[in-house]
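Accompanying notes for the structure given below.
This is a predicted model, so every value here is computed, not measured. Letters A, B, ... are given to chains in the order of the sequence lines, protein chains preceding strands, and every chain is numbered from 1.
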Amino acid sequence: MDDAYLEAVLDLVETIPSGRAMTYGTVAEVVAERCVAAGERPRGGPRQVGQVMARAGAGVPWWRVVNASGAPPARHLQRALAELRAEATPLTPDGTRVALAQAIWFPDVPDPD
DNA sequence: ACATTGACTAATT
DNA sequence: TAATTAGCCAATG
């Protein structure tokens, strides 16, 4: 994956508002859409997003990106949960994962009219 | 070029 | 509802 993809993912993650969250799959979808809009070949894949995050996720609110179950990366679970609690992100009664139904967020399409 | 791996997902059991 | 399995996409050895 090249830097363009990396930037696209990081840029999107940075736009996630405090107290909300996105799934890897959704991030991948949006990035793919933007990629197509830019006339590039669509790269899709939740795993690629994860790969980018693992490589350059520092510096962005990575804890606002969770898997389809609403659970943050197991590798930094506690850290992520701490951040999420601090931001009052809707969590499940268990407190171990994000309540996607309430916290899920989708970016406004910057439709250039 | 083939096999393995990973901050994933959806379907099964 | 939780654990397993198979599928997926691209990077790496």
Side-chain angles (χ1 to χ4, degrees):
Chain A
M1 81 183 52
D2 42 287
D3 294 317
Y5 186 74
L6 201 145
E7 280 185 58
V9 172
L10 296 180
D11 183 57
L12 175 56
V13 173
E14 283 191 281
T15 66
I16 304 176
S18 177
R20 302 297 265 301
M22 278 182 83
T23 70
Y24 288 93
T26 307
V27 171
E29 287 295 311
V30 174
V31 171
E33 293 292 316
R34 290 183 177 177
C35 192
V36 171
E40 299 295 321
R41 175 174 168 277
R43 291 166 289 228
R47 311 209 63 137
Q48 276 52 262
V49 174
Q51 198 163 23
V52 169
M53 296 298 283
R55 176 177 163 180
V60 300
W62 53 265
W63 54 88
R64 295 177 190 157
V65 181
V66 297
N67 64 28
S69 302
R75 192 172 181 172
H76 302 290
L77 180 59
Q78 294 308 314
R79 200 192 224 166
L81 289 176
E83 294 286 353
L84 293 169
R85 279 196 303 270
E87 296 182 349
T89 304
L91 301 177
T92 60
D94 320 89
T96 61
R97 50 187 192 175
V98 174
L100 291 177
Q102 307 174 57
I104 197 64
W105 177 83
F106 198 82
D108 295 335
V109 288
D111 202 14
D113 205 332

Query raised in the report: Applying the side chain to side chain contact (heavy atoms under 4.5 Å, CB included) test to A/V98, which of A/V65, A/T23, A/T89 qualifies?
Result: A/T89
Report task. Could you tell me the separation between the CZ atom of A/R43 and the C1' atom of B/dC8, rounded to a whole number of Å? Result -> 18 Å
Query - Interatomic distance, A/R47 CZ vs C/dT12 P [rounded to whole Å] - result: 15 Å
Query raised in the report: Using a cut-off of 4.0 Å on non-hydrogen atoms, how would the nucleic acid contact of A/P73 be classed: base, sugar-phosphate, or nothing?
Result: base
Report summary line: A/M22 CE to B/dA7 P, in whole Å, measures 20 Å
Report summary line: Atom CD of A/Q48 and atom P of C/dC9 are separated, to the nearest Å, by 9 Å
Report task. Send over the distance from A/R75 CZ to B/dC8 C1', rounded to a whole Å. Result -> 16 Å
Query raised in the report: Is A/R20 reaching over with its side chain to a backbone N or O of A/W105, donor-acceptor style, under 3.5 angstrom?
Result: no
Query raised in the report: Atom CG of A/L77 and atom P of B/dA7: how far apart are they, to the nearest Å?
Result: 14 Å
Requested in this report: Using the closest heavy atom to pick a nucleotide of DNA chain B for each, name whichever of A/Q51 or A/V66 lands nearer the 5' end.
Outcome: A/Q51
**Report entry** Heavy-atom pair of closest approach, residues A/P107 and A/M22
**Finding:** CD-CE, 4.0 Å
Requested in this report: Give one of base, sugar-phosphate or nothing for A/A68, where a contact means two heavy atoms less than 4.0 Å apart.
Outcome: sugar-phosphate
Query - Whole-Å distance separating the CD atom of A/E29 from the C1' atom of B/dA10 - result: 14 Å
Query - Interatomic distance, A/N67 CG vs B/dG6 P [rounded to whole Å] - result: 16 Å
Requested in this report: Look at the side-chain heavy atoms of Ile, Leu, Val, Met, Phe, Trp and Tyr, link any pair under 4.5 Å apart, and say whether A/V36 and A/L12 land in one connected group.
Outcome: no
